[in-house]
Amino acid sequence: MNLSAFVKSLLATSLTVSVLASQAAYADTVRLRMHTFYGTEVDQIASDLRDRIKEASDGSIRIQFFRGGELVDSDQFVEAVARGSIDIAHGVGSYWPGTVGIGTIEAGLPGAWVNVEEARDIFANQGLDEIIAEAYEEKGVKLIGRGFGSDYGLVTREPITSLEDLADMRIRATSSIATVLEKFDIPTAFIPGEEIYIALSTGVIDGAVYGGPVEYEQLRINEVAGYYTDINLLNPGWTESVLINPDSWEKMSTEQQKIVQTEIDQYLLDVHNWLEEGNQRLIDEGTIFQFSTLPEDDSRGLAEASLPIWEAEAARSERNARAIEILIKNAKAKGRISE
């Protein structure tokens, strides 16, 4: 055999070994059912996630994506992931504070952070996500992703000029915001995001605190409630969690786990960027909502009314107390509360 033939043979053998190794690493196709609390508004982002995971894993991981309300109510995600009804859930901790006691802190307490950079630092570098992961592990699920929302304003069927205008309205809100509003005798109710349109159109509620302008647009909320008010309580107004069933996680190879982790992180960043860009576009255009800001005194009153929520959350458990300690230390370092 001449040198040229030998080299070709060696290369062919190497390629065969490489292919066999790849096939061994991905011996079985992993099919994962992923459920989000969002609706059709994230369809393209979800499609991109499916394609990237399929390509990066040589087709060995397939994602089947479900929108909010299609299989499981958003507030039932933790239980559904734990029992394996779905493999992956993309939701918000404030939907399940009765199941995961740290959920309200995780989602975002009023005044906890004022921009996404600060929020990322608190979770990733100051230890908050480590504490939260412990809580989810106890409930039989694994935390594998942290996303950050955007603007978090109030949309109503009638214009708002002050908190007093809300006294005769019923407002959709998650637990932490509801607690603040109720201190001003403002009636509240919790309604899943996918049901807000119908609730507003039928008069079950008069307004909602759910997200920013682009989310309301995607849910067509502007058709039934055309007034958006910035209440200046929290930005980003919520954080998002991605949870996976431990058995679904463990049946993947280390390489497959890395692929899922990497692409979930990109998916969450894509959702955040879509929110930020969309909100700014709608604010600049100013066509589908009439925009206003709550008076400064009212916003300050909301912030002051929020402080007891931190104390109440800390009192719920030793774990919650550790989380609140992180938030207090950060707020002091930022000068938002005194030493």
Side-chain angles (χ1 to χ4, degrees), residues 22 25-26 28-74 76-78 80-81 84-92 95 116 141-151 192-197 210-223 236 238-245 248-249 251-253 255-282 288:
S22 176
Y26 302 135
D28 298 313
T29 298
V30 178
R31 301 186 184 277
L32 301 172
R33 290 162 297 177
M34 180 172 176
H35 209 314
T36 183
F37 69 108
Y38 284 106
T40 58
E41 63 269 27
V42 298
D43 278 359
Q44 185 58 56
I45 299 173
S47 178
D48 292 343
L49 170 67
R50 285 196 300 264
D51 292 345
R52 289 196 310 269
I53 286 183
K54 181 180 178 181
E55 181 179 356
S57 69
D58 294 334
S60 71
I61 306 175
R62 303 294 181 93
I63 299 288
Q64 186 178 11
F65 204 86
F66 297 93
R67 307 181 187 109
E70 286 189 337
L71 288 183
V72 181
D73 288 340
S74 300
Q76 300 298 310
F77 276 175
V78 176
V81 172
S85 299
I86 53 178
D87 301 288
I88 302 174
H90 170 214
V92 179
Y95 280 21
V116 69
V141 299
K142 181 178 179 62
L143 176 68
I144 61 167
R146 170 68 57 213
F148 297 89
S150 184
D151 294 353
E194 60 269 19
E195 299 176 16
I196 292 176
Y197 182 97
Y210 174 75
V214 71
E215 290 173 287
Y216 292 130
E217 178 199 37
Q218 293 292 326
L219 293 173
R220 298 184 293 117
I221 299 301
N222 55 293
E223 296 177 358
W238 71 98
T239 73
E240 300 170 4
S241 309
V242 173
L243 313 171
I244 192 168
N245 177 277
S248 299
W249 180 256
K251 73 182 179 183
M252 292 187 286
S253 68
E255 185 175 352
Q256 287 174 319
Q257 290 173 352
K258 289 179 180 178
I259 290 170
V260 170
Q261 183 81 68
T262 298
E263 300 306 337
I264 287 290
D265 287 344
Q266 184 61 52
Y267 162 82
L268 291 169
L269 181 59
D270 289 346
V271 171
H272 171 72
N273 290 338
W274 161 71
L275 291 168
E276 291 279 278
E277 294 165 5
N279 286 335
Q280 192 58 54
R281 172 181 57 82
L282 291 176
I288 68 169

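Here the structure is a predicted model, which means the values were calculated and not measured.
- Annotation: side-chain hydrogen bond (donor to acceptor under 3.5 Å, both in side chains) contacts of Asn279 (sequence neighbours excluded): Ser150.
- Under the salt bridge (charged side-chain N to carboxylate O under 4.0 Å, His left out) criterion, Glu70 pairs with Arg67, sequence neighbours left out.
- Contact check for Leu243 versus Val78: side-chain heavy atoms found under the 4.5 Å cut-off.
- In this structure, CZ on Arg146 lies 9.0 Å from CG on Leu268, to the nearest 0.5 angstrom.
- Taking CD of Glu255 as the start and CG of Asp58 as the end, the distance is 8.0 Å to the nearest 0.5 Å.
- Partners of Asp51 by side chain to side chain contact (heavy atoms under 4.5 Å, CB included), not counting sequence neighbours, listed by chain and number: Ser47.
- Residues Glu223 and Tyr197 have side chains that bring a donor and an acceptor to within less than 3.5 angstrom of each other.
- Gly211 approaches Tyr216 most closely through the heavy-atom pair N-OH, 3.3 Å.
- Using a 4.5 Å cut-off on side-chain heavy atoms (C-beta onward), Gln256 and Trp249 make no contact.
- Checking side-chain atoms of Asn222 against main-chain N and O of Ile288 turns up no donor-acceptor pair under 3.5 Å.
- Under the 3.5 Å distance criterion, with hydrogens and angles disregarded, a donor-acceptor pair is assigned to the side chains of Glu240 and Trp238.
- Tyr267 and His90 share a side-chain donor-acceptor pair at under 3.5 Å.
- One finds no salt bridge joining Glu263 and Lys54 here, because no Lys/Arg side-chain nitrogen approaches an Asp/Glu carboxylate oxygen to under 4.0 Å.
- Leu32 is listed as a side-chain neighbour of Met252, based on a closest heavy-atom distance under 4.5 Å.
- In terms of the salt bridge (charged side-chain N to carboxylate O under 4.0 Å, His left out) criterion, Glu41 has no residue partners (sequence neighbours excluded).
- The closest side-chain heavy-atom distance from Gln261 to Gln266 is not below 4.5 Å.
- Side-chain contact check for Glu277 and Asn273: no donor-acceptor pair (N or O, by modelled atom type) lies under 3.5 Å.
- Here the CD1 atom belonging to Ile264 is positioned 12.5 Å from the CG atom belonging to Leu269, to the nearest 0.5 angstrom.
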Working for side-chain contact (heavy atoms from CB on, under 4.5 Å), residues Ile196 and Arg220: CA-CA 10 Å; Ile196 292 176; Arg220 298 184 293 117; over 6 Å; no
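- Scanning for salt bridge (charged side-chain N to carboxylate O under 4.0 Å, His left out) contacts around Glu55 gives an empty result, with sequence neighbours left out.
- Using a 4.5 Å cut-off on side-chain heavy atoms (C-beta onward), Leu143 and Ser241 make contact.
- Under the rule for a salt bridge (charged side-chain N to carboxylate O under 4.0 Å, His left out), the partners of Asp270 that lie at least two apart in sequence or sit in another chain are Arg52.
- A 4.5 Å side-chain heavy-atom check between Glu215 and Tyr38 finds at least one atom pair inside the cut-off.
- Using a 4.5 Å heavy-atom cutoff, the side chains of Val141 and Ile244 are not in contact.
- To the nearest 0.5 Å, the span separating CG on Leu71 from OG on Ser85 amounts to 9.0 Å.
- Considering only heavy atoms from C-beta on, Ile259 stays 4.5 Å or farther from Thr262 through its side chain.
- Environment of NZ in Lys258: sparse, with no more than 12 heavy atoms of neighbouring residues, nucleotides or ligands closer than 6.0 Å.
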Audit row: Phe77, Tyr95, side-chain contact (heavy atoms from CB on, under 4.5 Å) steps and yes/no: CA-CA 9 Å; Phe77 276 175; Tyr95 280 21; over 6 Å; no
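- The backbone N or O of Ile86 sits nowhere less than 3.5 Å from a side-chain atom of His35 that would complete a donor-acceptor pair.
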